[in-house]
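These values consider heavy atoms only, across backbone and side chains, with no hydrogens, waters or symmetry-generated copies. Numbered from 1 within each chain, the chains take letters A, B, ... in sequence-line order.
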2 protein chains.
Amino acid sequence: MSQSHIDVSALASEACPVSEVLDHVSGKWSIGILVAAAQSPVRFTELERSIRGISRRMLTLKLRKLERDGLLVRTVHPVVPPKVEYTLTEMAQELHKSLLELTGWARRHGAAVAAAQAAYDHEHKG
Amino acid sequence: MSQSHIDVSALASEACPVSEVLDHVSGKWSIGILVAAAQSPVRFTELERSIRGISRRMLTLKLRKLERDGLLVRTVHPVVPPKVEYTLTEMAQELHKSLLELTGWARRHGAAVAAAQAAYDHEHKG
DNA sequence: CTGGATCCGCAGAGATACTG
DNA sequence: CAGTATCTCTGCGGATCCAG
């Protein structure tokens, strides 16, 4: 990874791992998973159903990634049938707040964005 | 009432503008560009230099996308050599605030994330 | 200076089948 | 229930050249 330390925070004149961390929420499902998992604890299948459209593979991969990043805690209950619960860590909950700001913005301006796109396309038609 | 199930399905659904908008900031460079362009107005080359690592092609593509979304305003000054400036729209500036929360979080927890990864890898060693 | 066009490699992401 | 293992396809993203 770290093919390039993108100095996204170049504006701050400081080099930090910001871009790397940001890259983790930059995936197609990362944000959705974190938001869905915010109602901790949540089980694997619940996540799979909540985030409709996600494949089992992707959910697993992203869950592992989030766990590795220290954002999720994976708890295995030794029962039958298997029961695994995912819980947001402290810092993940903090991140979640920022994420809610994002989704809130998207909710408020979704229509405006759509309109802008339509206008742009219209102006750009052949 | 107790919406124990957040409307994540709406997030993952293409019918809801939230996921679409979210998808736009989910790219590898989108966030960086928006943050860099926050100091409006900014010229093409300035952006290219600020966001080191980005290719000309990607910068152009993302800039077009952001413009289409109504987040950036592209102003062409009819002079030689060409001068083009990009400015954040009102709603983009609002979005930028949320983005700053994100980068702030990344800044604060970057080290912790790195540590978590190291721990995970160690525990997962071969 | 500010782009557009093209070629191409690689990681992301879907579908499916199998296992503890 | 909760994953893992392949296989494949798509599109992002990089490099390079060309143009207004």
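Using a 4.0 Å heavy-atom criterion, one finds that B:Thr60 contacts the sugar-phosphate atoms exclusively. Within the nucleic acid shown, B:Arg43 comes within 4.0 Å of sugar-phosphate atoms alone, with no base atom in reach, counting heavy atoms only. Using a 4.0 Å heavy-atom distance criterion, A:Pro81 is classed as a sugar-phosphate-only contact.
Between A:His77 atom NE2 and C:dG20 atom P the separation is 23 Å, expressed in whole Å. Atom CZ of B:Arg52 and atom P of D:dG13 are 21 Å apart (whole Å). Atom-to-atom, CG of B:Leu63 to P of C:dG4 comes out at 10 Å; the value is rounded to the nearest Å. Atom-to-atom, CG of A:Leu61 to P of D:dT6 comes out at 14 Å; the value is rounded to the nearest Å. For A:Lys65 and C:dG12, the NZ to P distance is 7 Å, given to the nearest whole Å. For A:Tyr86 and D:dG3, the OH to P distance is 3 Å, given to the nearest whole Å. One atom, NZ of A:Lys62, and another, P of D:dG3, lie 17 Å apart when rounded to the nearest Å. B:Arg57 has its CZ atom 17 Å from the C1' atom of D:dA19, to the nearest Å.
Using bins of under 30°, 30° to 60° and over 60° for the plane-to-plane angle, the ring pair B:Trp105/B:His109 lands in the tilted bin.
The shortest distance between the side-chain N/O atoms of B:Lys28 and the OP1/OP2 oxygens of C:dA11 is not below 4.0 Å. Between B:Arg74 and C:dG3 there is a side-chain N or O to OP1 or OP2 distance below 4.0 Å. At the phosphate of D:dA2, OP1 or OP2 sits under 4.0 Å from a side-chain N or O atom of A:Thr45.
The backbone N or O of B:Leu72 lies less than 3.5 Å from no partner atom in the side chain of B:Thr89, so there is not a single donor-acceptor pair.
Along DNA chain C, the nucleotide nearest B:Val76 and the nucleotide nearest A:Arg56 are compared for position; the residue whose nucleotide lies closer to the 5' end is B:Val76. Between A:Val84 and B:Pro82, the one whose closest nucleotide on DNA chain D sits nearer the 5' end is A:Val84.
How far OG1 of A:Thr60 is from CD of A:Glu67: 11.5 Å, rounded to the nearest 0.5 Å.
Residues A:Met91 and A:Leu95 form no side-chain contact, since every pair of their non-hydrogen atoms from C-beta on lies 4.5 Å or further apart.
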inquiry  = Test side chain to side chain contact (heavy atoms under 4.5 Å, CB included) on B:Leu66 and B:Tyr86; report intermediate values, then the result.
reply    = CA-CA 10 Å; B:Leu66 260 16; B:Tyr86 293 89; over 6 Å; no
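Side-chain proximity of A:Arg64 to D:dT4, D:dC1, C:dG3: nearest is D:dT4. For B:Ser55, the side-chain atoms get nearest to D:dG14 when compared with the rest of D:dG14, D:dA2, C:dA13.
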